[in-house]
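Remember, it's a predicted structure, so these values are computed and weren't measured experimentally. Letters A, B, ... are given to chains in the order of the sequence lines, protein chains preceding strands, and every chain is numbered from 1.
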2 protein chains.
Amino acid sequence: MTTSGRKPDEGERYKAILETAARLICERGYEGTSMQEIAAACRMTKAGLYHHIQNKEQLLFAIMNYGMDLFEEQVLSRVQDIADPVDRLRACMRHNILLVTRGWSKEVIIILHEHATLTGEARAFIDNRKKRYVDFLEEAFSQAAQQGRIRPVDPTIGAFSFLGMVLWVYKWFKPDGRLTDEQIADGMVDLLFPPIVAAAVDGQPGVSSLRVVPRAASGSGTSSGSGTEEP
Amino acid sequence: MTTSGRKPDEGERYKAILETAARLICERGYEGTSMQEIAAACRMTKAGLYHHIQNKEQLLFAIMNYGMDLFEEQVLSRVQDIADPVDRLRACMRHNILLVTRGWSKEVIIILHEHATLTGEARAFIDNRKKRYVDFLEEAFSQAAQQGRIRPVDPTIGAFSFLGMVLWVYKWFKPDGRLTDEQIADGMVDLLFPPIVAAAVDGQPGVSSLRVVPRAASGSGTSSGSGTEEP
DNA sequence: CGTGCTACCTACCGGTCGGTAGGTCGGGGT
DNA sequence: ACCCCGACCTACCGACCGGTAGGTAGCACG
């Protein structure tokens with residue numbers, strides 16, 4: 001039975017440390033979490049923890065890289081081959097919102113919150129991985145606009161509007177709120193990329209994406225308690 | 001000359017402390033900033049600083065309340081009387097974006113970043129002040145949808161989409177980037193609240209806000225360097 | 001002149017921070 | 001039997017943390 005019997009393999013143990021540390025840092029913040037606490041949560045002493053990592057900053061860097069891996073696996077890789085740019089953006093928004101709302105991978109939340117904690121090369125490296133996502137979105141917005149599928153918009157503004165809507169969710173979403181994460185995803189997708197209903201309104205045939213008029217008065221009620229939190 | 005000669009009046013001094021502390025906390029984060037550093041930046045000793053404030057957490061609370069005052073003065077109060085809900089949202093988005101991009105009032109950035117740092121009553125108090133803004137936005141979205149000025153959208157999703165676009169800006173905006181803050185504000189307003197061009201497309205006369213079709217292919221180029229930063 | 005008050009100061013508190021030196025201990029290789 | 005190595009441990013480092021006790025200099029008021 002060679003190397004079978006669930007001996008928490010080297011890399012396995014390291015990943016477990018990253019996940020435990022990520023849970024704590026996500027709750028208390030990077031500066032607000034001590035190595036003592038992280039070690040205890042890993043059922044180790046501090047010196048034992050330092051056997052696996054180099055220092056606190058490198059631990060954060062490893063967590064963020066792990067988070068970017070998870071993001072690329074669960075979002076980017078699943079949508080990057082969608083041919084239609086608007087469908088690509090729709091699917092991407094959906095996956096990204098659900099990545100933030102579902103609790104798996106606190107690492108992603110840390111990437112979002114601790115955007116200015118790392119410095120120097122580590123900071124530059126993570127920023128570069130983020131930038132690839134921005135480029136991907138800008139490219140999609142650019143294509144969609146060029147094909148007349150959305151209103152003409154600066155791709156950068158489109159990309160960062162998309163990101164703001166999607167990523168800000170981590171600041172206010174509560175799983176037991178009035179809206180489920182599915183409803184939020186559907187609602188935001190529908191708000192930014194409304195379905196095409198009418199064909200061309202004037203003489204142009206190929207250009208068809210216009211936001212359709214609402215059925216007169218339809219909004220639910222007034223604001224009311226949202227079940228969510230603060231901005 | 002009674003009480004004239006620029007003796008930095010009690011409240012004046014306190015405000016100066018809040019602003020200095022806010023600058024530091026905005027740069028280094030709340031947990032990452034020591035009272036020693038804040039005191040030094042105020043050209044005082046730590047004990048001298050503690051003559052003016054009660055403790056570190058109360059200092060953060062005071063900064064956030066000051067930030068909310070500034071926000072209400074510079075954004076809310078200037079737009080809340082605009083009758084048309086869409087114009088109200090447009091103006092509000094503009095003012096809010098510029099509040100974030102212009103460097104004045106680091107206090108506002110602290111409110112955005114340290115959204116989970118306070119606890120207990122202080123946290124509840126600030127959250128309540130934030131909630132009033134969410135309610136204001138939800139009300140505006142609700143009215144706009146009811147009047148058929150925008151696509152029907154859940155007011156909560158509208159409000160938090162608005163907030164995400166606007167507030168996420170603090171994470172990536174650089175004053176020397178390709179886009180100026182004015183361009184970002186204009187672009188985002190135009191993206192979420194496009195101008196009305198065509199009248200009713202079908203039989204309904206009052207319902208007119210449909211997103212207008214782009215002039216065929218018009219998008220600038222591909223993505224290119226955005227001049228900004230990470231998501 | 002004395003009193004009271006604000007606005008600070010020096011000096012210090014116990015505790016915790018990130019990090020390390022050096023030892024122990026069990027299992028695999030030979 | 002021996003050794004070695006990785007995976008931990010105890011014990012400790014100097015620096016710094018948030019916060020305070022107690023003193024004092026300057027000014028206003030009587």
### Query
With a 4.0 Å cut-off, would you call A:Asp69 and A:Arg129 a salt bridge?
yes

### Task
For the residue pair B:Gln183 and B:Arg178, confirm or rule out a side-chain donor-acceptor distance under 3.5 Å.
no

### Task
Respond yes when some side-chain nitrogen or oxygen of B:Thr45 is under 4.0 Å from OP1 or OP2 of C:dC9, and no when none is.
yes

### Task
Using atom CD1 of A:Ile53 as one end and atom P of D:dA7 as the other, report the distance to the nearest whole Å.
14 Å

### Query
Taking NZ, NE, NH1 and NH2 as the nitrogens, is one of them in A:Arg90 or A:Asp84 under 4.0 Å from a carboxylate oxygen of the other?
no

Using nucleotides 15-21 of chain D, report all nitrogen or oxygen pairs with the protein that are shorter than 3.5 Å.
residue : atom : partner : partner atom : Å
D:dC17  : OP1  : B:Ser34 : OG           : 3.0
D:dG18  : OP1  : B:Lys56 : NZ           : 2.8
D:dG18  : OP2  : B:Met35 : N            : 2.8
D:dG18  : N7   : B:Lys46 : NZ           : 2.8
D:dG18  : O6   : B:Lys46 : NZ           : 3.3
D:dG19  : OP2  : B:Tyr50 : OH           : 2.5
D:dG19  : OP2  : B:Lys56 : N            : 2.9
D:dG19  : O5'  : B:Tyr50 : OH           : 3.3
D:dG19  : N7   : B:Lys46 : NZ           : 3.0
D:dG19  : O6   : B:Lys46 : NZ           : 2.7

### Query
Is B:His51 near enough to C:dA7 that one of its side-chain N or O atoms lies under 4.0 angstrom from OP1 or OP2?
yes

### Task
Mind calculating the distance between CD1 (A:Ile38) and C1' (C:dC17) to the nearest angstrom?
12 Å

### Message
Can you tell whether the side chains of A:Glu182 and A:Arg102 come within less than 4.0 Å, N to carboxylate O?
### Response
yes

### Query
Do A:Asp127 and A:Lys131 meet the salt-bridge criterion of a basic N to acidic O distance under 4.0 Å?
no

### Task
Using atom CE of B:Met44 as one end and atom P of D:dA25 as the other, report the distance to the nearest whole Å.
20 Å

### Query
Taking all atoms of both residues into account, what is the closest heavy-atom pair of B:His113 and A:Lys171, and its distance?
O-NZ, 3.4 Å

### Message
Does C:dC8 have its OP1 or OP2 closer than 4.0 Å to a side-chain nitrogen or oxygen of B:Arg13?
### Response
yes

